[in-house]
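Input: a single structure, listed below in structure tokens.
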Amino acid sequence: MKSKMIKIPIKFSAIVFALLVCVACGCESDNNDITIDPAEGLVLDVDSSLFLTNTSAVKITTVPCTLSDGTVTDCYQIVANSTPSDHEMGPWCPDNISDDATAGGIWLENGQVYDVDGAFIENMATFYNDTTWQMYDANGDIYKTSTEDDCANAANPNVGAEYENFCVECLPSYVADLTQTYLIPITPVKLSSSVAFGGPGGFPGMGEQGPSQRGIAFNGVVFDAPAPTDAILGAYTLAPFDDAGGHINLNAGYHYHAATGVSTKISQIDNHAAMIGYALDGHGLFAQLDANANEPTDLDDCRGHYDETRGYHYHADAPGNNNFINCLYGAYAN
């Protein structure tokens, strides 16, 4: 799998250093972005300066809001056009079964990440043990969507037989005028019990139903619910993700289904996993693995835990699991 990493360590490192000094001394911080709750410990406000607002892709304002637990507070309103400023989108579908991995994206299956190159398309009948798969013609050219109408029809839950064995590739030009608005509480409010996500991909047994989306990357792209891969495959279509773990839906725009390390990451001075964005409850969202390729061993059911530098925060699931976090342990904006 191809990837790149963008690091922005300076500002965050300074914050972490200040926190470490304060924790060691037991001092009260003058920074109103940092509080010590006797019950919950360290609580960090969302740092809006970490978002990539240097282009028109992301705009942030402060608005009043009410959280799911009734807390009346302020939220950051993030308006994004689903166009990442830190990496290119695509490619998704290769053109021919002779194409290498640079011509296509990735697919997530049983916890693994596979390059969607020509060989992957050629061998789908074997991969899925189903001879119905034949996504290319006698010349090895791959059948794939080529218009916005094709994208809409092939991505429809009731996709027609005419799109069977098509690779679905929806292009950025189809959603160029689309914007999405998200609310994130500036100061996270930790709950006593977790909140299940609403919509598909919710984690069962986790209490009330919350939002379906998981969080926001620093480039304004949403960390979305798990992709409905069973439905996609059941229609004998394939809708690959690009190397950043994203693809395009005409209603949702460009969005992520996996944290692959391509979007902006903020490294940590203590070798902790890099920060990749914020969950919708305002708690930080970090990569799965730390600098030594280790995953925390004390994660709760939501994939969160606490430390004295970052407070309560989450770690994204492995990219191949088509998942980010399992639930929220904080109040979200209604």
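Given the structure is predicted, the values throughout are model-derived calculations rather than measurements. Each residue takes its place number in the sequence, starting with 1.
Between His305 and His313 there is a side-chain heavy-atom pair separated by less than 4.5 Å. By the 4.5 Å heavy-atom criterion applied to side chains, Met124 and Leu238 are counted as neighbours. Proximity of Val175 to Leu250: side-chain heavy atoms (C-beta onward) are separated by under 4.5 Å at one or more points. For the pair Phe223/Leu280, no side-chain contact is recorded, criterion being any heavy-atom separation below 4.5 Å from C-beta on. You'll find the side chain of Leu299 stays beyond 4.5 Å of the side chain of Gln288, heavy atoms only. Taking 4.5 Å as the limit, every side-chain heavy atom of Ser212 sits out of range of all side-chain heavy atoms of Phe197. Between Leu67 and Cys75 the shortest side-chain heavy-atom distance falls below 4.5 Å. The closest side-chain heavy-atom distance from Pro172 to Ile248 is below 4.5 Å.
Ring geometry, Phe218 versus Phe51: the interplanar angle exceeds 60°, so the pair is classed perpendicular (tilted spans 30 to 60°). The aromatic rings of His247 and His257 stand perpendicular to each other, their planes meeting at an angle above 60°, with 30° marking the opposite boundary.
Using a 3.5 Å distance cut-off with no hydrogens or angles, the side chains of Tyr163 and Asp150 do pair a donor with an acceptor. A side-chain donor from one of Thr187 and Asp45 sits under 3.5 Å from a side-chain acceptor of the other.
Side-chain heavy atoms closer than 4.5 Å link hydrophobic residues (I, L, V, M, F, W, Y) into clusters, and following such links, even through other members, never connects Leu183 to Val46.
A distance-only check finds a donor-acceptor pair linking the side chain of Asp69 to the backbone of Thr71 [under 3.5 Å]. Under the 3.5 Å distance criterion, the side-chain polar atoms of Asp300 are matched with a main-chain donor or acceptor of Gly304. No donor-acceptor pair closer than 3.5 Å links the side chain of Asp281 to the backbone N or O of Lys190. Checked by atom type and distance alone, the side chain of Asp117 never pairs as donor or acceptor with a backbone atom of Asp100 at under 3.5 Å. At distances below 3.5 Å, at least one donor-acceptor pair connects side-chain atoms of Asn153 with backbone N or O atoms of Asp149. Between the Asn96 side chain and the Asp99 main chain, no donor and acceptor come within less than 3.5 Å of each other. Under the 3.5 Å distance criterion, the side-chain polar atoms of Trp92 are matched with a main-chain donor or acceptor of Gly246.
Residue pairs that meet the side chain to side chain donor-acceptor pair (under 3.5 Å) test with at least one member in residues 216-230, sequence neighbours left out, are Asp86-Asn219, Asn219-Tyr256. For residues 321-334, there are no salt bridge (charged side-chain N to carboxylate O under 4.0 Å, His left out) pairs, not counting sequence neighbours. Among residue pairs with one or both ends in residues 209-268, none qualify as disulfide bond (SG atoms under 2.5 Å apart); sequence neighbours excluded. The side chain to side chain donor-acceptor pair (under 3.5 Å) contacts involving residues 169-183 comprise nothing, where partners must be two or more places apart or lie in separate chains.
Listed here is the closest heavy atom pair of Leu108 and Asn322: CD1-CA, 3.8 Å.
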Starting from the C-alpha separation in whole Å, work towards a yes-or-no answer on ring pair (Phe, Tyr, Trp, His ring centres under 6.0 Å) for His272 and Phe286. CA-CA 9 Å; His272 183 277; Phe286 292 75; 5.0 Å; yes

List the steps and the verdict of ring pair (Phe, Tyr, Trp, His ring centres under 6.0 Å) for Tyr278 and Tyr76. CA-CA 11 Å; Tyr278 284 98; Tyr76 283 129; 8.7 Å; no

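Here Glu109 pairs with Trp107, Tyr128 under the side-chain hydrogen bond (donor to acceptor under 3.5 Å, both in side chains) rule; sequence neighbours left out. Under the rule for a salt bridge (Lys or Arg N to Asp or Glu O under 4.0 Å), Asp74 has no partner lying at least two apart in sequence or in another chain.
Counted within 6.0 Å of CG on Asn129, heavy atoms from surrounding residues, nucleotides or ligands total 12 or fewer; the atom is thus considered open.
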